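Below is one structure; the comments refer to it alone.
Predicted model only: the values in this text are computed from it and were never measured.
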Amino acid sequence: MKLPAIPITDDHIHIDPANGRGVEAAKDFRRSGGTHIFLVAKPSWSLGIEPSSGEDYREVFDATLRVAEMVRETGLVVYPVLGVHPAEMNRLAARMSLDEAAGVMMAGLDLAARYVEEGRAVALKSGRPHYEIAPEVLAASNAVLYHALELAADCGCAVQLHAESGPCTDVVDMAERAGIPVERVVKHFATPDTPLMPSFIARHEEIPALARAGRRFTMESDYMDENARPGAVIGPKSVPRFTRRYLEEGCITEEDAWRIHAGTPSRTYGVDIALP
């Protein structure tokens with residue numbers, strides 16, 4: 001079955017010409033029916049950068065924007081998402097105090113927010129480590145996350161949240177205190193029990209049932225584009241292919257597909273997703 005004439009959006013994907021297939025992966029997505037991607041900045045260490053200040057993240061963000069321009073040349077619509085990966089806390093804390101590490105990460109997010117204000121990116125990324133950490137590391141990480149939520153509220157943009165598997169219900173209160181609507185806090189690699197805006201990995205078995213129930217969510221591949229881990233998390237063709245499968249098997253309707261790939265991400269990120 002050929003995909004109907006609808007946008008197909010990957011809400012969280014990395015394209016890495018230095019360590020992976022680069023534009024060829026983006027071309028695979030497009031050939032499979034993909035039209036739009038939210039291109040998420042990779043961690044600083046992927047580029048060999050060891051930040052000591054917020055300004056050091058500029059190289060990471062500028063590299064992401066250069067990749068975005070390369071990918072746009074394939075005909076895809078690209079929305080950059082910039083921020084600081086929560087796993088940077090542990091790496092930074094190996095070289096400085098926790099307070100200093102949190103300060104560097106917050107300053108990096110301040111810089112990312114300026115890119116959003118300038119119209120060069122559409123959203124921030126932040127979060128907390130998804131693995132077990134010491135209580136003091138969790139507290140510092142939550143402080144960074146709250147800072148990201150406040151910045152997003154000021155910018156009027158969304159935040160993609162990297163965090164532990166599960167509902168992350170405490171983030172609802174954080175979002176309310178920061179002044180950002182909960183539906184603009186996107187839980188990357190979500191589970192259905194989250195009260196945040198879920199972005200489900202394309203193969204998630206609950207997608208058909210949730211779509212039929214009218215649940216608002218997006219789909220993602222979390223493709224890492226690293227030659228050392230080919231196909232991780234799932235490949236760049238995955239979002240179009242799973243969407244096609246769900247349509248072929250009658251698991252979702254074309255209306256559902258429009259809501260997943262156009263209506264929901266447009267409303268969440270404040271963009272206008274339509275057929276290019």
Side-chain angles (χ1 to χ4, degrees), residues 10-23 25-26 37-73 76 78-96 100-130 140-141 143-145 147-152 155 157-163 186 188-189 220-229 232-233 236 269:
D10 191 327
D11 194 20
H12 189 106
I13 187 171
H14 306 278
I15 300 295
D16 187 344
N19 301 294
R21 297 181 59 228
V23 173
I37 66 170
F38 286 84
L39 179 70
V40 183
K42 297 193 76 171
S44 61
W45 64 83
S46 295
L47 282 72
I49 298 167
E50 295 290 340
S52 295
S53 69
E55 183 62 26
D56 290 340
Y57 287 97
R58 186 177 298 277
E59 190 173 349
V60 179
F61 302 158
D62 286 347
T64 305
L65 296 184
R66 286 194 297 271
V67 173
E69 284 304 314
M70 294 166 59
V71 173
R72 288 188 181 110
E73 292 178 2
L76 292 172
V78 184
Y79 301 113
V81 178
L82 304 179
V84 180
H85 195 287
E88 303 221 12
M89 179 66 76
N90 293 84
R91 297 177 69 95
L92 289 168
R95 298 188 283 117
M96 58 188 74
E100 289 170 328
V104 169
M105 294 175 73
M106 289 180 188
L109 285 163
D110 290 342
L111 179 61
R114 290 201 290 275
Y115 278 70
V116 173
E117 289 171 343
E118 293 166 1
R120 302 168 72 190
V122 301
L124 301 177
K125 77 164 187 176
S126 186
R128 56 195 180 203
H130 63 271
S141 297
V144 173
L145 168 56
H147 185 66
L149 294 171
E150 288 186 310
L151 288 170
C155 292
C157 73
V159 177
Q160 283 202 7
L161 178 67
H162 300 241
V186 179
H188 154 60
F189 214 107
E220 64 175 72
S221 64
D222 193 19
Y223 176 63
M224 299 300 295
D225 198 16
E226 294 179 359
N227 291 330
R229 294 188 291 169
V233 170
Y269 294 99

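With L39 as reference, V67 is the one residue of V67, V81, V122 to meet the side chain to side chain contact (heavy atoms under 4.5 Å, CB included) rule.
A search for side chain to side chain contact (heavy atoms under 4.5 Å, CB included) contacts involving D56 returns P51, S52, S53, not counting sequence neighbours. Not counting sequence neighbours, E73 has no partner by the side-chain hydrogen bond (donor to acceptor under 3.5 Å, both in side chains) test. Every residue two or more places apart in sequence or in another chain that forms a side-chain hydrogen bond (donor to acceptor under 3.5 Å, both in side chains) with S44 is listed here: E88. Residues passing the side-chain hydrogen bond (donor to acceptor under 3.5 Å, both in side chains) test with N19, sequence neighbours excluded: D16. Taking the ring-ring contact (aromatic ring centres under 6.0 Å, His included) definition, one finds that Y269 meets it with F38, sequence neighbours left out. Applying the side chain to side chain contact (heavy atoms under 4.5 Å, CB included) rule to A63 yields the partners L47, R66; only residues at least two apart in sequence or on another chain are considered. In this structure, the salt bridge (Lys or Arg N to Asp or Glu O under 4.0 Å) partners of E226, at least two apart in sequence or on a different chain, are K42, R229. Applying the side-chain hydrogen bond (donor to acceptor under 3.5 Å, both in side chains) rule to E59 yields no partners; only residues at least two apart in sequence or on another chain are considered. Taking H188 as the reference, H12, H162 meet the ring-ring contact (aromatic ring centres under 6.0 Å, His included) condition, with sequence neighbours excluded. For the side chain to side chain contact (heavy atoms under 4.5 Å, CB included) test, residues two or more places apart in sequence or in another chain that qualify with P129 are P86, N90, Y131, I133, S141. By the side chain to side chain contact (heavy atoms under 4.5 Å, CB included) test, R91 pairs with W45, E50, sequence neighbours left out.
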For residues 103-116, please give each side-chain donor-acceptor pair under 3.5 Å, one per line with the distance, not counting sequence neighbours.
{"unit_1": "D110", "atom_1": "OD1", "unit_2": "H147", "atom_2": "NE2", "d": "2.7"}
{"unit_1": "Y115", "atom_1": "OH", "unit_2": "R58", "atom_2": "NH1", "d": "3.4"}
{"unit_1": "Y115", "atom_1": "OH", "unit_2": "D62", "atom_2": "OD1", "d": "2.6"}

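Closest approach of P80 to R72, counting heavy atoms only: CD-NH2, 3.7 Å. In plain terms, the two heavy atoms of A41 and L82 that are nearest each other are CB-CD2, 4.0 Å. The two residues D225 and P17 have their closest heavy-atom pair at OD2-N, 4.5 Å. Heavy atoms only, all atoms of each residue included: C157 and L124 are closest at SG-CG, 4.0 Å. Scanning all heavy atoms of the two residues, the minimum distance from A101 to M89 falls at CB-SD, 3.9 Å.
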When you look at M224 and I13, which way does the side-chain contact (heavy atoms from CB on, under 4.5 Å) test go after all the steps? CA-CA 7 Å; M224 299 300 295; I13 187 171; over 6 Å; no

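Listed for the R128 side chain is no donor-acceptor partner under 3.5 Å among the backbone atoms of L145.
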